[in-house]
Amino acid sequence: MNLKLNHKILTLIFIVYFSMSFGQKVEFTVPKNIEVLENIIFDFENDFTKNDGMAAAAAASDGGFSTTIDLHNLKYDAGYKNPYLELAVNKGAKPKQFIQRASWNVTLTKISKKSTKVSIFLENITPDSWSKKEVDVKQTKSTGKLEKEIKEFLLNHKGAKTSSAQAVADAAAPTSDQMEEAEVQAEAQMAEIENRRLIEKTTSKKLQGLFSKKQFISLPTTADTFTKLLQIQPSEPECETCKGGKYSSWDIEEVFNMIYAKMNDGEEYYALQYYGDKKVSGLPYGLIFNESSPTECQTKFARYNAQLYQTTVDTDENSSKALTVVTFKMNTNFVRLEFGNQYLTRLVVSNKEQ
């Protein structure tokens with residue numbers, strides 16, 4: 001009898017512990033119609049949300065509705081902890097961690113015409129590549145702050161009146177011309193995706209050798225460092241603003257060019273340009289020439305506060321063209337990724353901001 005009782009108690013403790021560690025479900029009742037809550041939940045926002053398709057992730061059923069609310073770019077360091085997650089880390093982990101996205105499941109269940117049960121729990125978290133091996137995803141918990149914010153929002157948000165909402169919906173309804181244009185654009189995008197899929201992908205042994213430590217080469221350095229890694233002798237074009245009147249240039253595998261320069265004003269930098277039409281791996285951090293996109297790179301380096309924007313570059317004395325770039329500071333060096341054809345074509349590492 002005592003053995004059976006002890007077994008039941010141990011089982012109950014295990015279930016409670018497991019649900020607290022992984023389920024963390026918070027439930028409450030909102031005195032509103034479920035259809036009202038279904039509409040207003042998509043208006044929820046805070047400093048870490050993004051309006052990037054939460055509605056697309058929603059699922060409805062008879063008497064129920066479910067979606068996710070994602071928080072992005074959650075930083076943790078020795079002197080700062082993001083208030084939304086109790087981050088669990090593995091032994092020996094560094095104090096600086098970065099969560100690209102954390103997702104909370106929000107489920108609405110109809111109780112009556114004027115009452116809805118809301119259930120919220122932390123569904124998953126996605127650490128960035130640096131934190132992936134150091135963060136214990138299963139033991140990380142929600143602090144409860146987001147659940148309180150959602151509860152407060154659902155209780156107090158008034159929402160638009162039905163007539164106003166319908167007017168907005170009617171005004172936003174696409175015309176036949178707009179629908180036709182959207183269809184043409186969709187077909188063009190599908191064709192582009194198919195064409196991109198057919199592009200050959202290869203790996204450059206020279207790039208692998210250059211970035212053998214799987215990270216950018218830190219500055220300060222010397223031209224001899226690149227010569228040794230590439231096993232290629234450079235040319236030395238003249239340069240009035242460079243120290244010594246010259247800079248170093250390496251032609252690599254007929255599709256890359258690399259330059260290294262020290263300028264008279266103290267700037268030091270190296271730049272690697274790709275001129276080919278294949279997708280080429282071999283760069284650090286999973287970057288791929290002619291495949292990595294600007295948004296992908298901004299997300300990849302979000303822990304370094306990567307900025308994505310458009311600028312212009314001179315093509316000759318009389319003209320210029322638009323160029324998409326992603327820039328960030330990594331340790332003491334400034335990195336600039338350039339996307340000449342919508343995909344990565346050039347990278348620059350400098351001791352000064354570009």
Side-chain angles (χ1 to χ4, degrees), residues 24-28 30 32 36-58 65-89 93-108 118-132 134-137 139-160 293-310 324-330 335 337 353:
Q24 295 180 273
K25 184 178 287 186
V26 172
E27 295 184 335
F28 53 90
V30 177
K32 294 181 181 180
V36 173
L37 298 185
E38 286 177 12
N39 290 325
I40 67 175
I41 187 63
F42 299 117
D43 294 332
F44 175 83
E45 61 182 6
N46 63 23
D47 292 341
F48 298 96
T49 54
K50 292 181 179 178
N51 295 322
D52 55 0
M54 184 171 69
F65 177 87
S66 181
T67 188
T68 58
I69 290 180
D70 298 338
L71 302 188
H72 302 261
N73 302 340
L74 310 182
K75 297 180 180 181
Y76 295 82
D77 210 336
Y80 173 79
K81 293 183 179 179
N82 188 278
Y84 292 96
L85 291 177
E86 290 181 12
L87 200 66
V89 296
K94 298 174 183 176
K96 186 174 184 179
Q97 302 296 338
F98 191 88
I99 305 301
Q100 286 184 337
R101 185 181 69 254
S103 300
W104 278 258
N105 177 282
V106 180
T107 298
L108 309 178
V118 181
S119 303
I120 307 172
F121 66 90
L122 177 62
E123 191 169 62
N124 60 66
I125 67 170
T126 306
D128 72 357
S129 56
W130 288 270
S131 294
K132 194 171 184 179
E134 299 193 342
V135 171
D136 188 335
V137 173
Q139 295 300 325
T140 293
K141 302 176 183 179
S142 173
T143 62
K145 179 176 173 60
L146 182 67
E147 291 87 335
K148 290 179 181 178
E149 290 180 0
I150 295 172
K151 181 178 181 179
E152 187 74 15
F153 175 81
L154 293 178
L155 286 170
N156 297 310
H157 187 72
K158 301 300 181 183
S293 68
T295 52
E296 175 192 340
C297 291
Q298 184 185 33
T299 300
K300 185 184 293 288
F301 297 103
R303 70 155 52 200
Y304 298 104
N305 194 31
Q307 301 296 308
L308 187 161
Y309 57 94
Q310 276 204 331
T324 301
V325 300
V326 171
T327 60
F328 53 94
K329 184 180 181 182
M330 178 180 283
V335 181
L337 305 177
E353 191 168 8

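Here the structure is a predicted model, which means the values were calculated and not measured.
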Gln100 side chain to Thr299 backbone, donor-acceptor under 3.5 Å: yes
Could you tell me if Glu149 and Tyr84 have a donor-acceptor pair between their side chains, going purely by distance under 3.5 Å? yes
Indicate yes or no for a side-chain donor-acceptor contact from Lys75 to the backbone of Asn82 under 3.5 Å, with no hydrogens or angles considered. no
Determine yes or no for a side-chain-to-main-chain donor-acceptor pair under 3.5 angstrom, with Asp77 supplying the side chain and Gly79 the backbone. no
Can a side-chain donor-acceptor contact be found between Ser142 and Trp104 if the only test is distance below 3.5 angstrom? yes
Tyr76: what forms a ring-ring contact (aromatic ring centres under 6.0 Å, His included) with it, not counting sequence neighbours? none
Determine the minimum heavy-atom distance between Thr107 and Ser66, stating which atoms define it. OG1-OG, 3.5 Å
Which atom pair, heavy atoms only, marks the closest approach of Ile41 to Val106? CD1-CG1, 4.4 Å
I'd like to check the ring-ring contact (aromatic ring centres under 6.0 Å, His included) partners of Phe153; sequence neighbours left out, ordered by chain and number. Phe44, His157
Please lay out, stage by stage, how Thr68 and Asn105 fare under the test side-chain hydrogen bond (donor to acceptor under 3.5 Å, both in side chains). CA-CA 5 Å; Thr68 58; Asn105 177 282; over 6 Å; no
Using modelled atom types and a 3.5 Å cut-off, is there a donor and acceptor pairing between side-chain atoms of Gln307 and backbone atoms of Asn305? yes
Contacts of Arg303 that satisfy salt bridge (charged side-chain N to carboxylate O under 4.0 Å, His left out) - sequence neighbours left out: Asp128
Residues in side-chain hydrogen bond (donor to acceptor under 3.5 Å, both in side chains) contact with Glu134, at least two apart in sequence or another chain: Gln97
Does Thr143 use its side chain to pair, donor to acceptor, with the backbone of Pro83 at less than 3.5 Å? yes
Main-chain N/O of Gln139 paired to Asp136 side chain as donor or acceptor, under 3.5 Å: yes
Between Val325 and Leu308, is there a side-chain heavy-atom distance shorter than 4.5 Å? no
Tightest non-hydrogen contact, residues Leu122 and Ser103, listed as CD1-O, 3.5 Å
Restricting to salt bridge (charged side-chain N to carboxylate O under 4.0 Å, His left out), what partner residues turn up for Glu86, sequence neighbours left out? none
ring-ring contact (aromatic ring centres under 6.0 Å, His included) against Phe98, all qualifying residues, sequence neighbours excluded: none
